[in-house]
Structure formats: C-alpha cells, structure tokens
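Note sheet for the following structure.
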Protein chains: 2
Amino acid sequence: MDKKVDTRSRILDIAEAAVLEKGFEATSIEEIVAGAEISRGGFFYHFKDKNALARAMLERYIEVENALYDDLFARARELNDDPLHCMLIGLKLLAELLEEMPAGHPGCVIASTAYQDRLFDQGVRDLNRQAILGWRKRFRGMFEDIADVYEPREPVNMDALGDMVSGVVEGGLVLQRALGEHNNASEQIMLFRTYLKLLFSPR
Amino acid sequence: MDKKVDTRSRILDIAEAAVLEKGFEATSIEEIVAGAEISRGGFFYHFKDKNALARAMLERYIEVENALYDDLFARARELNDDPLHCMLIGLKLLAELLEEMPAGHPGCVIASTAYQDRLFDQGVRDLNRQAILGWRKRFRGMFEDIADVYEPREPVNMDALGDMVSGVVEGGLVLQRALGEHNNASEQIMLFRTYLKLLFSPR
DNA sequence: TGTCAACTGGACTCGCAGTACAGTCAGGAC
DNA sequence: GTCCTGACTGTACTGCGAGTCCAGTTGACA
C-alpha cells in the first residue's frame, strides 16, 4: 500500500461517495479525513479548500464519464457500422450498465453541483457547463451522421436532441434517487431509444 | 400590510427563492429572517428547525405544481377533446409557460431535495416520493386514454412513459441551470411532444 | 382588564470551515 | 552520512451558522 502515491485519489474516492450520497455541503472535511485515515492538515495540504475539492472531483468525474462513452460507442461500432444501429446498441449498453450497478448509479455529480452551484466558484460552474456542451457536441455529431442516412420523420433541433441524451440520463437519475427505485434511468434510456427508432425509421 | 397573517408565507417565499438559487444548505436562516424582516426568534416560532421549513416548502411547491397541471390540461381539454391532442396541447402550453418565465424557471425543488436528501428526514423524502408517484399516475392515466384510441407503434412501459414527463422536465431544468441557458427545458418538452406524435401516429 | 398569539432581542452551546504553524518522517541527491 | 524536500501529523485558533432558552413586548379580542 504505497500511501503517498494515492492519498489524493483516496480523498477523492471517499469524498465522491459521500457527496453523491448526501450532497456537498452535508459532507464534512472531518468525515473525509476519517474515511481516508489522514489528518485535517493532510487534507488541506492536497486541497486549498472545499472548492478545490469540488473542482478536482468534477474533473475526474467528467474524464471517467467521457472515457465510458468512448468505450461504449466504440464497442457498439464494432458490432454494427450503421450509425443508427450503433447509437441504438450504445444506448442499450448504457442502459444495461446503469442497471447492473448493484446499489443503483451513484447519481450524477453534474446535477448535484448544478443544484448547489452558488456554493462553488466560477471555475467549477464553467467545468460543469463545458462537460454538458461536450456531450451535446458528441451526440449531435452522431445524430447528424444518422440523419445523413435516415431522414428524420419529424423536424428536430439537433442540439436539443443531443442534449436529450444528457437530459434523459440526468432526469432518470433524479427520479431514481427521489423514488428509491433502481432502474428508472435505464428505463428512461430505453424509452429514448424507442424514440430514435421511430424518428429515424425508414418510411 | 397585515403582517401577522402571512409572516409564515413570507418566510416560505424568501426561503424558496434562496434555496432554488443556491441550494438548501447554502441558505442561512440569517438571510431568510433579514429578507422577511423578522427576528431569528420569529423564524423558530414558525418552524421548529430547517427540516420543518423544507417540509413546508415542498408541500406548498407540490400543491402549486399540481394546480398548474390541473389548469393546463383542463385548458387543453377545452381546446380539443381527443386525448392525444389534449396531451400535445397541454405539453405545448407547459413549454410556453417554462419559456415565458423571464429569468428561466426557478428550478425544481424536487431535484434540489433529491440531491441533498440525507439532509432531510424521512418525512421530507416521502413527500418528494409521493409527488413523483402522483405525477406518474396522472400521466400514465392520460397515456392509457391515448393508447385506447391510438395503438402505440412500439411497445412501451406506461409507468416509465408517465415518469418520462417528470424526467424530461427535471432533466431539462438541470441542463438549463448548469448551462445558464433559458429554454432547454421547453425544448426538451417539445422533443418529447414529437416523440408522442410519432409513437401514437395512426399507421 | 386580562389573556394569548405573534413576535423581539440577547445570550449561549455546538459543529464545521478555514488558517497558521511547528514538528515528524521517509527517500532521494550529493 | 547529511541535507533537503514532499507528504504529511497535531494542535490551537477564528469565525459563522444552527439550534436552544428565555424574558420581555405588542396588538387584538373576550
């Protein structure tokens, strides 16, 4: 156990779990240092204040999420070259992934920070914003590739459709969290998948 | 200005605005009493603690939201008796309503409490849960009426479809809040409307 | 005139964020 | 072998906000 190397990561792990469980403000530095088995001084050595912690958490989360999407749709593309089917397979994989998580998805840091955003500085809010804009761009591109092959049955705003992926996931996670159920997010994704099938179905 | 009658409501008004702007924990009793022009003692006369405030806020919010939906779909029904068109008109009205709000929708208390739920006691969480289940039932009923007339083009889980109304609104509000844009929620609703048009279109 | 609800105002405790800083300790540079 | 540095520990402090306690005020109504 090389303590030095990963104390920072350990802090982030503990903090992320706690924040997703009960929110940022409700998570005390006291319990983080207890969980990570370090002293308060040690915490402030790594993070200037709680804001710096929030920023680091968001950065890491966004990276992981992006890698996850990359991997998911790369696997989907291997299974089918057609852009529509690639998207449908990718969403199915995403839904399965959300469902497999035993205690339910930990919940999305994005929404969590969005609803407490005055706690954070501009840097954190910008990070949040950039992440969502990145996903908009990613999915918008994929939908445009689909539209090149399958003309949409109804006119849709491609930016908004791109946002809908994020929105459906975020919304599903809010429901899941509030209801204490475990599969709402994956069900919502499957419904969105049906939407795409209808929207891009050949006439 | 009959101060006595509505001090409680005034506290709730101030608190709701503050909580929606920056989250529950970040809202201090200090600023609430300053805004409502009462003393700290006066606040605790009306609310045992912050939890009681949260509960009262949620109760009021849910009532308002339900009344809003009642009104919206009643007006839609006046315009068209057909269940599908009634739903489509209602969603259009909802989208317009969200867009008209000058500074954007204040954001949904449901999501806000969902992401900070360990701060609240069981009563508050149950209230939150019951509200969402109520909306599920409401919209599920409407979708079943539609399905009686228009057979869905693809099989869908009616509970999940009912949840999708709440989910799309919540998700849209998260995006709106995080992006600092103002019409994401209404755009998402309009996309969902297109979904329904495709799903229930006659063959 | 007395009662009561709706407060005001102030003093207090407690927990948490953040600051400051002095000291420890292991591992590599030289 | 010593020196230096990065990664901490430990303690003591300030300041803020939640929540408690309570004594006193005020205006309406019986």
Side-chain angles (χ1 to χ4, degrees), chain A residues 1-58 60 112-113 115-124, chain B residues 1-58 112-113 116-124:
Chain A
M1 282 205 260
D2 49 343
K3 278 187 185 175
K4 275 176 208 140
V5 184
D6 56 10
T7 297
R8 205 184 124 99
S9 309
R10 231 167 58 240
I11 294 174
L12 286 172
D13 289 340
I14 306 274
E16 190 171 298
V19 166
L20 288 172
E21 195 189 323
K22 57 193 175 190
F24 191 75
E25 266 289 310
T27 300
S28 70
I29 289 174
E30 208 62 53
E31 70 174 285
I32 294 172
V33 304
E37 292 179 318
I38 52 164
S39 64
R40 279 171 50 75
F43 174 87
F44 286 106
Y45 174 79
H46 286 287
F47 302 98
K48 178 176 152 279
D49 52 24
K50 266 183 111 180
N51 223 308
L53 174 69
R55 197 193 179 110
M57 275 179 56
L58 246 188
R60 203 180 68 153
S112 180
T113 56
Y115 274 101
Q116 300 173 66
D117 62 356
R118 294 301 159 117
L119 275 175
F120 307 113
D121 62 23
Q122 194 57 46
V124 172
Chain B
M1 283 205 258
D2 49 342
K3 278 187 187 176
K4 277 178 206 137
V5 184
D6 56 10
T7 296
R8 204 185 124 99
S9 308
R10 234 168 54 243
I11 294 174
L12 286 173
D13 289 339
I14 306 273
E16 190 170 298
V19 166
L20 288 172
E21 195 190 322
K22 55 192 178 190
F24 191 75
E25 267 289 309
T27 300
S28 70
I29 289 174
E30 208 62 53
E31 69 173 287
I32 294 172
V33 303
E37 291 177 320
I38 53 165
S39 64
R40 280 170 48 76
F43 174 88
F44 285 105
Y45 174 79
H46 286 287
F47 301 99
K48 178 176 150 281
D49 52 24
K50 268 183 110 180
N51 222 309
L53 173 69
R55 196 191 179 112
M57 277 178 55
L58 246 188
S112 180
T113 54
Q116 299 172 68
D117 63 355
R118 294 302 160 117
L119 275 174
F120 308 113
D121 63 22
Q122 195 58 45
V124 173

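Protein chains get the first letters and strands the later ones, always in sequence-line order, with residue 1 at the start of each. Remember, predicted model here, so these are calculated numbers, not experimental data.
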With sugar-phosphate taken as primed atoms, P, OP1 and OP2 and all else as base, the protein-contact string of nucleotides 17-24 of chain C at under 4.0 Å (heavy atoms; B, S, -) is SBB-----
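Using a 4.5 Å cut-off on side-chain heavy atoms (C-beta onward), A:Phe24 and A:Lys50 make contact. Contact annotation: the side chain of B:Val19 never approaches that of B:Leu53 to less than 4.5 Å [non-hydrogen atoms, C-beta and beyond]. Proximity of A:Arg8 to A:Phe47: side-chain heavy atoms (C-beta onward) are separated by under 4.5 Å at one or more points. At least one side-chain heavy atom of B:Phe43 sits less than 4.5 Å from a side-chain heavy atom of B:Ile38.
When the side-chain nitrogen and oxygen atoms of A:Thr7 are compared with OP1 and OP2 of D:dC8, one or more of them lie within a distance under 4.0 Å. Between A:His46 and the phosphate of D:dA7, there is no side-chain N or O to OP1/OP2 separation shorter than 4.0 Å.
With salt bridges taken as basic N to acidic carboxylate O contacts below 4.0 Å, one links A:Arg60 and A:Asp13.
Rounded to whole Å, the distance from CG on B:Leu53 to C1' on D:dG19 is 14 Å. In this structure, CD of B:Glu37 is placed 15 Å from C1' of C:dC7, rounded to the nearest angstrom. If you measure from atom OH of A:Tyr45 to atom P of D:dG6, you get 7 Å, rounded to the nearest angstrom. One can place CZ of A:Phe47 at 11 Å from P of D:dC8, the figure rounded to the nearest angstrom. Atom CZ of A:Arg8 is separated from atom P of D:dG6 by 16 Å (rounded to the nearest Å). Atom CZ of A:Phe24 is separated from atom C1' of C:dC16 by 13 Å (rounded to the nearest Å).
A search for salt bridge (Lys or Arg N to Asp or Glu O under 4.0 Å) contacts involving A:Glu31 returns A:Lys22, not counting sequence neighbours.
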